[in-house]
A.B. asks: 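If you scroll down you'll find the structure; I have some questions about it.
Positions are given from 1, in the same order as the sequence printed here.
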Amino acid sequence: MPGCFKKTLFSLASIISFASFIVILAAMGTQRWMTGKILCKTGVDLVNATDPELVKFIGDIYYGLFQGGKTRQCGLGGRRSKFTIFPHMVKKLNTGLHVMIIMFLCAALSFSLVSFGFCILNAIKVPYRAVKGPAGLCLWNFLAGGLIVLAVTSFIAAVKLHRLTERIANFRENVFQFVILEEQFEDSFWLCVASATAHAVNLLVIATSWINFPKIKTKTEEANVAPEDIMY
């Protein structure tokens, strides 16, 4: 049976692993990975709009891994629309990269659950196989955190290198062309960053379980029995 200190550590690690699992689910389920401001360039060119009039041509956009929405401002008021990434829009994006992001997160979900299960096991008993012990826990957390980092890095590459926001903004736009004025990462993206950080913290917690603290031994004083005491 593990000691009280190790039980506490593995219980804490199990909570962190399960929290990471929930956070990844929330990040994949919500659709606020990226928001931005889009300018209707075609409308601006048609009317030769100057600075004060540009406000009438600036809309907004948001999207996640599966769907999103945008507000088109082309001088005649805002028109809101929603879109889905699958199955149509993915043809216009970098399909391989987008699917890889989702696969990385799905694999990270699995490893987070594995870590959660083995943390519970280590809190209850000392496993006889190393892969189920602290070494295995470090491996599962390293894999989960590493996959999340790969997903986050791939998403940044899709946005910055493959102009993901611009491609989505101009999807099925035959008349108007939109350019991106600004874009920023939103809550869903930062949830993934928080999940990767949680697995890094878990590695530190599990590594702490290897520390063997010295046991405090109380030295019993030997009683000095004098010959006079025996008489009484």
Side-chain angles (χ1 to χ4, degrees), residues 2 4-36 61-69 82-86 90 93 97-125 127 131-159 164-165 168 183-210:
C4 183
F5 177 69
K6 289 191 176 183
K7 279 185 179 180
T8 305
L9 285 178
F10 289 127
S11 299
L12 176 62
S14 66
I15 293 172
I16 295 174
S17 295
F18 188 72
S20 175
F21 173 79
I22 297 298
V23 166
I24 299 172
L25 274 182
M28 294 183 71
T30 52
Q31 302 306 316
R32 288 280 176 178
W33 281 65
M34 179 68 66
T35 58
I61 187 172
Y62 72 91
Y63 60 90
L65 298 180
F66 302 101
Q67 61 184 14
K82 291 186 176 181
F83 53 82
T84 56
I85 304 294
F86 296 97
V90 76
L93 311 179
L97 188 58
H98 199 81
V99 172
M100 277 174 59
I101 295 169
I102 297 172
M103 289 179 64
F104 285 149
L105 291 177
C106 289
L109 276 174
S110 303
F111 285 123
S112 295
L113 274 185
V114 172
S115 173
F116 170 70
F118 283 148
C119 282
I120 295 294
L121 176 66
N122 279 265
I124 297 173
K125 64 178 183 177
V131 72
K132 295 181 180 179
L137 286 175
C138 285
L139 174 63
W140 309 131
N141 279 276
F142 178 79
L143 289 174
L147 287 167
I148 297 170
V149 170
L150 285 174
V152 167
T153 306
S154 299
F155 186 75
I156 294 173
V159 172
L164 181 62
T165 308
I168 291 176
E183 54 187 2
Q184 59 183 7
F185 298 102
E186 288 295 337
D187 296 342
S188 301
F189 173 84
W190 294 115
L191 282 175
C192 282
V193 176
S195 180
T197 306
H199 284 290
V201 171
N202 237 5
L203 285 173
L204 292 176
V205 172
I206 295 163
T208 307
S209 68
W210 274 314

A.B. asks: Measuring from Leu137:CG to Ser17:OG, what's the distance to the nearest 0.5 Å?
C.D. replies: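 If we round to the nearest 0.5 Å, Leu137:CG and Ser17:OG are 7.5 Å apart.
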A.B. asks: If you look only at distance, which donor and acceptor atoms sit under 3.5 Å apart when one is on a side chain in residues 100-112 and the other is two or more places apart or in another chain?
C.D. replies:
from   : atom 1 : to     : atom 2 : distance (Å)
Ser110 : OG     : Cys106 : O      : 3.3
Ser112 : OG     : Ala108 : O      : 2.9
Ser112 : OG     : His199 : NE2    : 3.1

A.B. asks: Of all residues at least two apart in sequence or in a different chain, which pass the ring pair (Phe, Tyr, Trp, His ring centres under 6.0 Å) check with Phe18?
C.D. replies: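 For Phe18, the residues satisfying ring pair (Phe, Tyr, Trp, His ring centres under 6.0 Å) (neighbours in sequence not counted) are Phe116.
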A.B. asks: Check ring pair (Phe, Tyr, Trp, His ring centres under 6.0 Å) between Phe21 and all other residues, then give those that pass, not counting sequence neighbours.
C.D. replies: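 Scan of Phe21 (ring pair (Phe, Tyr, Trp, His ring centres under 6.0 Å), adjacent residues dropped) gives none.
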A.B. asks: Side chain of Gln67, backbone of Leu65: donor and acceptor closer than 3.5 Å?
C.D. replies: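 Flag not set: sc Gln67 to bb Leu65 has no pair under 3.5 Å.
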A.B. asks: What distance do Leu9 atom CG and Thr208 atom OG1 have between them, rounded to the nearest 0.5 Å?
C.D. replies: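 Here the interatomic distance stands at 6.0 Å.
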A.B. asks: Closest heavy-atom contact between Val205 and Ala13?
C.D. replies: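 Reported closest heavy-atom pair: CG1-CB, 4.2 Å.
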A.B. asks: Rounded to the nearest 0.5 Å, what's the gap from CG on Leu143 to SG on Cys138? Could you check?
C.D. replies: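 With rounding to 0.5 Å, CG (Leu143) is 11.0 Å from SG (Cys138).
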A.B. asks: Output the distance between atom CD1 (Ile206) and atom CG (Asn141), rounded to the nearest 0.5 Å.
C.D. replies: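 Taking CD1 in Ile206 and CG in Asn141, the distance rounds to 4.5 Å.
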A.B. asks: Determine all donor-acceptor pairs shorter than 3.5 Å in which one atom belongs to a side chain in residues 190-198; sequence neighbours excluded.
C.D. replies:
from   : atom 1 : to     : atom 2 : distance (Å)
Trp190 : NE1    : Phe185 : O      : 3.3
Ser195 : OG     : Ser20  : OG     : 2.6
Thr197 : OG1    : Val193 : O      : 2.9

A.B. asks: Let me check something: any side-chain donor-acceptor pairs from residues 147-158 under 3.5 Å, sequence neighbours excluded? List them with distances.
C.D. replies:
from   : atom 1 : to     : atom 2 : distance (Å)
Thr153 : OG1    : Val149 : O      : 2.7
Ser154 : OG     : Leu150 : O      : 2.7

A.B. asks: Ser14: which residues meet the side-chain hydrogen bond (donor to acceptor under 3.5 Å, both in side chains) condition with it, sequence neighbours left out?
C.D. replies: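 Listed in chain order: nothing, the list is empty.
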A.B. asks: Just how far is it from atom CG of Leu204 to atom CD1 of Ile16, taken to the nearest 0.5 Å?
C.D. replies: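 It comes to 9.5 Å.
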A.B. asks: I want to check something: taking the side chain as every heavy atom from C-beta on, are Phe66 and Gln31 in contact at a cut-off of under 4.5 Å?
C.D. replies: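 Touching, per the 4.5 Å side-chain cut-off.
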A.B. asks: Can you list everything that forms a ring pair (Phe, Tyr, Trp, His ring centres under 6.0 Å) with Phe83? Sequence neighbours excluded, please.
C.D. replies: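 Not a single residue meets the ring pair (Phe, Tyr, Trp, His ring centres under 6.0 Å) criterion with Phe83.
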A.B. asks: Trp33 side chain to Ala27 main-chain N or O, any donor-acceptor pair under 3.5 Å?
C.D. replies: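 At least one qualifying donor-acceptor pair exists.
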A.B. asks: Got Asp187 and Thr30 here, is their nearest side-chain heavy-atom distance under 4.5 Å?
C.D. replies: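 Answer no - side chains too far apart.
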A.B. asks: Which heavy atom of Gln184 sits nearest a heavy atom of Met34, and at what distance?
C.D. replies: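 Scanning both residues completely, I find the closest heavy atoms to be O-SD, 3.0 Å.
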A.B. asks: Quick one: side-chain hydrogen bond (donor to acceptor under 3.5 Å, both in side chains) partners of Glu183, sequence neighbours excluded?
C.D. replies: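 With sequence neighbours excluded, Glu183 shows a side-chain hydrogen bond (donor to acceptor under 3.5 Å, both in side chains) to Thr165, given in chain and number order.
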